[in-house]
2 protein chains.
Amino acid sequence: MARPRQFDEERVLHAVRDQFWDAGYAATSLEDLLRVTGLGKGSLYAAFGDKRRLFLRALRSYTDVSHGYLREMLDSTPRALDALRTFVMAPVSDAGAARRGCLMANSTCELATADPDVLTEARRTYEATTALVAECVVRAQDEGDVPPDADPIETARALLAAQQGLVFMGRTGMEIGTLTATARSLVDQLLPGAPTS
Amino acid sequence: MARPRQFDEERVLHAVRDQFWDAGYAATSLEDLLRVTGLGKGSLYAAFGDKRRLFLRALRSYTDVSHGYLREMLDSTPRALDALRTFVMAPVSDAGAARRGCLMANSTCELATADPDVLTEARRTYEATTALVAECVVRAQDEGDVPPDADPIETARALLAAQQGLVFMGRTGMEIGTLTATARSLVDQLLPGAPTS
DNA sequence: CGAGTGGTGGACCGATCGGTCAAGAATTAC
DNA sequence: GTAATTCTTGACCGATCGGTCCACCACTCG
């Protein structure tokens, strides 16, 4: 045993994630990372490896947390149809979040062709999300809110595509009201049925 | 008059666009641009200004050309409903194009928060596209293929969001068959009606 | 309390970044 | 043919890049 670390690993990952989220991977310099974490180069490199590894680590942390939130939301919403609607509408929750977009989506657009590990992480994430949503679709079918002949996986993929489309529209700076209306329109067509109580 | 240029401006812009498309803005170095264009630094700078200006120029060229293609497709398709379906399905036309995504979409994800000019270009482009598609929606209403009470602009925005969602899913490397199925699913729900003859 | 261990901070590195500039080559106008 | 003018080439610039390394320090353990 010797001198203990003077930083909290989670806090560092959180700061790093925000930096990459706001500026992107390539546009974030090592100096930026030192500034937002308050660490020295030696500490950062000893703890996380180089810039790319640190990025992948932050990205994984982000997707894990997001996955947890999604599962919790899907599971805790009484009516599955409402959960699915909330899922699609998520990118529209507030204007700030809408412009920021999704770290995984931003990273995919920036790096999917250049970094195989990012691409792998993207596929992993979206397959996991699809599975989670599909499970919820099945529940909605049991509850009589989604036609029983619909393929759950295919339905989940369509909902995910719609959601990602909204994420993207938000990133273009579309006004939040307009974005919300578009989201409602998509939800109404993809998930028809009695409105939320 | 004096020595004429030894390069074709359009060829250069084309090469530059492809480079930015494949690697992104930040990850493209000046050296990359010299390589793909075959020009020297002086020529490039004299003709187009710095890297950022050149990028914006290539981006504008890209959106103009895309807009032209879209208008032509929408106008030349006999049945408006088919044109709308083709519009949504466009990102799925082939696997290569699907992985490459859309230069404007990629650029928006990478730079929307950092470069106001890119954001402006994004809004301009998507508003123009919405207008074009909305016009086609009106035609589809005249032809009895879209409910007359639907708001054309709102319908166009929903279709655009769905299309951009598909663009993004393609960028994650989703297999082309799966992507096509998802696209069909979205089209069937957002644009119901008699199938294409 | 002294030795040993691991963390920290910053000096330092070569490479590469975007960008400038000047000298020479190619062309036109006269 | 010559002068004027534009384009081309590549040497060169300071800044910054990501990354390494080491002297110093704080802490634990015996």
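In what follows, every chain begins at residue 1, and chains take the letters A, B, ... in the order their sequences are listed. Computed from a predicted model, the values in this text were never measured in an experiment.
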Would you sort out whether A/Glu72 and A/His67 count as a side-chain contact (heavy atoms from CB on, under 4.5 Å), showing the intermediate values? CA-CA 9 Å; A/Glu72 191 183 322; A/His67 188 80; over 6 Å; no
Residues [X] and [Y] bridged, charged N to O under 4.0 Å:
X: A/Arg124; Y: A/Asp64; result: yes
X: B/Arg57; Y: B/Asp50; result: no
X: B/Arg79; Y: B/Glu143; result: no

Please pick, from C/dG18, D/dC7, D/dT20, the nucleotide with the shortest atom-to-atom distance to any side-chain atom of A/Tyr45.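 From the listed options, D/dT20 comes nearest.
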Report the relative orientation of the aromatic rings in A/Phe48 and A/Phe7; use parallel for angles under 30°, tilted for 30 to 60°, perpendicular for over 60°.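 Rings of A/Phe48 and A/Phe7: tilted, 30 to 60°.
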D/dT9 P sits how many Å from B/Leu34 CG, rounded?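 These atoms are roughly 11 Å apart.
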Cation-pi check, A/Lys51 to A/Tyr45: give yes when NZ or CZ is under 6.0 Å from the six-membered ring centre and within 45° of the ring axis, no otherwise.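 No - A/Lys51 does not lie over the ring of A/Tyr45 by the 6.0 Å and 45° rule.
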5' priority, DNA chain D, between A/Tyr25 and A/Gly42 [closest heavy atom]: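 Upstream on the strand: A/Tyr25.
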Produce the list of close N/O pairs, under 3.5 Å, pairing protein atoms with atoms of nucleotides 11-17 of chain D; give distances to one decimal.
from, atom 1, to, atom 2, distance (Å)
D/dC17, OP2, A/Glu31, OE1, 3.2

Closest-nucleotide mapping onto DNA chain C: is A/Ala46 or B/Gln6 further toward the 5' terminus? I mean the 5' end.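 With A/Ala46 and B/Gln6 compared, the 5'-side residue is A/Ala46.
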Using heavy-atom distances to pick each residue's nearest nucleotide on DNA chain C, tell me which of A/Gly40 and B/Arg52 is more 5'.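 Per heavy-atom nearest nucleotide, the more 5' residue is A/Gly40.
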